[in-house]
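Working notes, beginning with the structure itself.
Scope of the values below: all heavy atoms of this structure, side chains included, with no hydrogens, waters or symmetry mates.
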Amino acid sequence: MADPKGFLTTGREVAETRPVAERVKDWNEVYVPGSLLPVISKQAGRCMDCGIPFCHNGCPLGNLIPEWNDFAYREDWTAASERLHATNNFPEFTGRLCPAPCETACVLGINQPAVTIKNVEVTIIDKAWEAGVVTPQPPERLSGKTVAVIGSGPAGLAAAQQLTRAGHTVAVYERADRIGGLLRYGIPEFKMEKRHINLRVEQMRAEGTKFRTGVEIGRDIDAAKLRKRYDAVVVAAGATTARDLPVPGRELAGIHQAMEYLPLANKVQEGDYVTPPLTAEGKHVVVIGGGDTGADCVGTARRQGAASVTQLEIMPRPSDERPEGQPWPVYPMTYKVTSAHEEGCERVYAVSTTHFEGDEDGNVAFLHLVEVRFEDGGFKPVPGTEEKIPAELVTLAMGFTGVDRENGLVEQLGLELDARGNVARDADYATSVPGVFVAGDAGRGQSLIVWAIAEGRSAARGVDRMLTGASDLPAPIRPTDRALVV
């Protein structure tokens with residue numbers, strides 16, 4: 001193990017963030033560059049090397065956390081990187097974006113602050129890139145088999161990299177103009193700078209993966225024809241059908257889905273616009289939805305110079321401590337303050353929007369809400385709690401309901417859907433259509449980045465086995481596996 005007494009002698013220290021007044025003026029990542037290096041080895045030494053490390057169960061990738069904690073404690077960054085990459089294709093993504101269910105499952109977390117697993121992870125991979133030890137791993141021989149991957153989010157990229165390294169010729173089709181899916185256009189630059197995606201894409205190109213951007217399967221290319229061109233197809237198109245809010249006034253200008261708003265801000269950082277076509281500058285902004293996407297809208301609006309930002313959540317405010325009904329090692333629903341919330345936002349809980357009110361030009365001007373309580377299996381309005389708040393830009397960040405049904409992909413392939421609107425699959429991630437597999441949110445529904453990468457890796461094994469009769473690729477999860485929750 002690392003330091004046998006580390007968890008007794010060293011307290012938890014996390015990455016230092018830049019001052020709010022400084023970081024809201026730019027789009028760089030919120031953390032102070034290099035702030036972890038003076039403390040991270042000691043933080044890794046807090047790992048107890050448990051007899052049964054539950055962090056493995058918290059992470060669907062099965063990351064070898066005690067092993068790379070030990071190497072990080074000894075500052076052997078090359079060995080730590082090898083252990084990290086043994087289970088995770090893209091640790092620089094997860095180290096920045098994952099909510100770290102491994103930490104809530106950390107054994108030390110039973111009665112002390114958990115090990116800073118996420119910070120150790122991102123330090124290892126950043127040091128590995130800096131040292132030049134992250135190199136392309138092209139296959140020794142080609143199989144002669146071809147695979148099309150539809151979607152370039154974390155699931156699609158993970159499946160593509162695994163299958164390319166197994167010797168298959170892989171082409172990734174992405175409907176946007178750049179590779180990355182929601183990593184590219186849904187995640188703001190201040191959470192993850194896109195140079196990290198670019199580095200991985202170049203590594204994958206050097207390994208032999210082909211990329212086709214600006215091509216939407218179902219619209220630009222018939223999905224059935226694509227299936228005939230390849231020996232296998234992996235559908236990793238995500239669950240991009242956004243949940244809407246069908247209340248009076250929804251048709252007013254200025255009310256947008258979060259994934260209409262966030263990509264435009266990211267395109268400014270890519271150099272496509274000088275100023276975004278849709279901006280929060282000088283406006284009273286209301287974000288409906290209390291999850292990570294809602295927080296991304298909050299941080300984006302702040303950087304664009306919003307007059308005010310209010311975030312609404314229909315659920316009650318979570319408790320500050322782990323609820324008794326959510327015992328270790330399950331992921332607890334606790335009150336979280338993200339870096340975006342630190343930058344200024346009024347958070348309102350247990351409320352529901354009743355209708356929108358517009359001005360004489362058809363633009364949204366106010367949002368009407370009411371307090372609610374959960375009873376009899378639903379949310380009931382509390383009489384006398386109606387309120388009206390300014391709302392000149394409203395973003396809907398209420399989650400997603402399933403795979404895109406409008407572009408023709410599902411119908412052209414003849415895919416069966418489950419009761420939740422996700423693409424149905426068997427234990428090998430194979431769909432009802434021979435040779436077509438599904439990975440990530442398209443099959444699981446809206447989930448975390450670690451589950452997407454794990455699904456991509458697992459689906460790659462199913463594809464490889466179909467193409468060759470056997471496979472040595474890892475499959476960390478089954479399609480039916482779920483997170484540790486109550």
Main-chain N/O of Ala280 paired to Gln304 side chain as donor or acceptor, under 3.5 Å: yes

Quiz prompt | Any His196 side-chain heavy atom under 4.5 Å of Arg96 side chain | solution = yes

query: Can you find a side-chain donor-acceptor pair between Thr146 and Thr169 that sits under 3.5 Å?
result: no

Donor-acceptor pair, Asp428 side chain versus Ala430 backbone, under 3.5 Å?
-> no

Here the gap from Thr279 atom OG1 to Arg303 atom CZ, rounded to the nearest 0.5 Å, amounts to 13.5 Å

In terms of heavy-atom contacts, Ala114 and Cys106 come closest through CB-CB, 3.7 Å

So side chain to side chain donor-acceptor pair (under 3.5 Å) across residues 448-463, not counting sequence neighbours, yields Asn89-Arg457, Arg425-Glu455, Arg444-Glu455

Q) So, Glu121 and Thr94: side-chain donor and acceptor under 3.5 Å apart, yes or no? A) yes

Is a donor from one side chain sitting under 3.5 angstrom from an acceptor on the other, for Thr213 and Glu174?
no

**Request:** Examine distances only and state if a side-chain atom of Thr401 and a backbone atom of Thr241 form a donor-acceptor pair shorter than 3.5 Å.
**Result:** yes

Q) Does the distance from a Lys or Arg side-chain N to an Asp or Glu carboxylate O, for Lys191 and Glu29, drop under 4.0 Å? A) no

Nearest heavy-atom approach of Ser432 to Gly414 is OG-O, 3.9 Å

| message | Run Asp231 and Val147 through side chain to side chain contact (heavy atoms under 4.5 Å, CB included) and show every step you take. | response | CA-CA 6 Å; Asp231 295 305; Val147 183; 5.9 Å; no

Under 3.5 Å donor-acceptor, Glu193 side chain and Arg195 backbone
no

ask   = Can you check side chain to side chain contact (heavy atoms under 4.5 Å, CB included) on Glu406 and Arg219, steps first, answer last?
value = CA-CA 9 Å; Glu406 295 183 359; Arg219 284 198 172 98; 4.0 Å; yes

key: Residue pair Cys297 / Tyr261, side-chain heavy-atom distance below 4.5 Å   = yes

| Between Lys145 and Asp464, is there a side-chain N and carboxylate O pair less than 4.0 Å apart? | no

In short, Thr293 meets Ala258 closest at the heavy-atom pair CG2-CB, 3.6 Å

Exercise. Has the side chain of Lys118 got a donor or acceptor atom that lies under 3.5 Å from a matching backbone atom of Cys98?
Worked result: yes

d(Ile150 CD1, Arg227 CZ) to nearest 0.5 Å is 10.5 Å

Flag the pair Asn198 / Val201 as yes when at least one side-chain heavy-atom distance between them is below 4.5 Å, and no otherwise.
no

In this structure, NE2 of His168 is separated from CG of Leu142 (nearest 0.5 Å) by 10.0 Å

Quick one: does any side-chain atom of Asp220 pair with a main-chain N or O of Ile217 as donor and acceptor, under 3.5 Å? no

Checklist entry - Less than 4.5 Å apart, any side-chain heavy atom of Ile288 and any of Ile314? => result no

Next item on the list: Start with the C-alpha distance between Phe437 and Val235, add both sets of side-chain angles, then the distance that settles side chain to side chain contact (heavy atoms under 4.5 Å, CB included), and finish with yes or no.
Entry: CA-CA 6 Å; Phe437 295 74; Val235 177; over 6 Å; no

Item checked: Aromatic ring pairing Tyr173/Tyr230, orientation class (parallel under 30°, perpendicular over 60°, tilted between) -> perpendicular

Between Ala44 and Ala72, the two heavy atoms sitting closest are CB-CB, 3.9 Å

With Ile117 as partner, the option from Ile65, Asn63, Val122 fulfilling side chain to side chain contact (heavy atoms under 4.5 Å, CB included) is Ile65

Practice problem: Could you tell me whether the side chains of Ser81 and His85 share a donor-acceptor contact shorter than 3.5 Å? | Solution: yes

Those residues at least two apart in sequence (or on a different chain) that pass salt bridge (charged side-chain N to carboxylate O under 4.0 Å, His left out) with Arg200 are Glu92

Closest heavy-atom pair, Pro154 versus Ile453, reported as atoms and distance to 0.1 Å, is CB-CG1, 3.8 Å

Exercise for the section: Could you check if a side-chain atom of Leu467 sits within less than 4.5 angstrom of a side-chain atom of Ser143, using non-hydrogen atoms only? Expected result: no

If you apply the rule salt bridge (Lys or Arg N to Asp or Glu O under 4.0 Å), what do you find for Glu189 with Lys194, and how did you get there? CA-CA 7 Å; Glu189 192 84 356; Lys194 302 308 177 285; 3.5 Å; yes

Residues passing the side chain to side chain donor-acceptor pair (under 3.5 Å) test with Gln311, sequence neighbours excluded, are His341

Inspect the contact between Glu270 and Arg184 and indicate whether a charged nitrogen and a carboxylate oxygen are less than 4.0 angstrom apart. yes

Between Leu262 and Met259 the two heavy atoms that sit nearest each other are CD1-CE, 4.1 Å

Review point. Under 4.0 Å between a Lys/Arg side-chain N and an Asp/Glu carboxylate O for Glu207 and Arg165?
Key: yes

Could you tell me whether the side chains of Gln446 and Asp441 share a donor-acceptor contact shorter than 3.5 Å?
no

May I ask you to check whether Asp177 and Tyr185 show a side-chain donor-acceptor distance below 3.5 Å?
-> yes

Check your understanding: Got a sec: does the CE of Met333 have more than 12 other heavy atoms crowding it under 6.0 Å?
Key -> no

Look only at the side chain of Asp404 and the backbone of Ala237, and say whether a donor-acceptor pair between them is shorter than 3.5 Å.
no

Rounding to 0.5 Å, atoms CG (Asp292) and OG1 (Thr338) come to a distance of 8.0 Å

Between Leu417 and the options Thr431, Asn422, Val403, the side chain to side chain contact (heavy atoms under 4.5 Å, CB included) test singles out Val403

- Can you tell if the side chain of Thr240 reaches within under 4.5 Å of the side chain of Arg175, non-hydrogen atoms only? yes

- Carboxylate-amine/guanidinium contact Glu202 Arg205, below 4.0 Å: yes

- request: With the side chain counted from C-beta on, respond yes when Pro99 and Tyr331 share a heavy-atom pair under 4.5 Å apart, and no when they do not.
  value: yes

Electrostatic pair Asp272:Arg178 at N-O distance under 4.0 angstrom
yes

Output for pair (Met204 CE, Ile197 CD1), nearest 0.5 Å, gives 12.0 Å

Item to complete: Would you sort out whether Gln257 and Glu260 count as a side chain to side chain contact (heavy atoms under 4.5 Å, CB included), showing the intermediate values?
Response: CA-CA 5 Å; Gln257 290 289 349; Glu260 297 171 349; 3.9 Å; yes

Got a salt bridge between Glu343 and Arg302, using NZ or NE/NH1/NH2 to carboxylate O under 4.0 Å? no

Exercise for the section: Indicate yes or no: at least one non-hydrogen side-chain atom of Val133 is less than 4.5 angstrom from one of Glu82. Expected result: no

| task | Indicate yes or no: does Arg18 engage Asp26 in a salt bridge with an N to O separation below 4.0 Å. | result | yes

| CD (Glu140) with more than 12 external heavy atoms under 6.0 Å | no

The reported gap from CD in Gln203 to CD in Gln137 (rounded to nearest 0.5 angstrom) is 6.5 Å

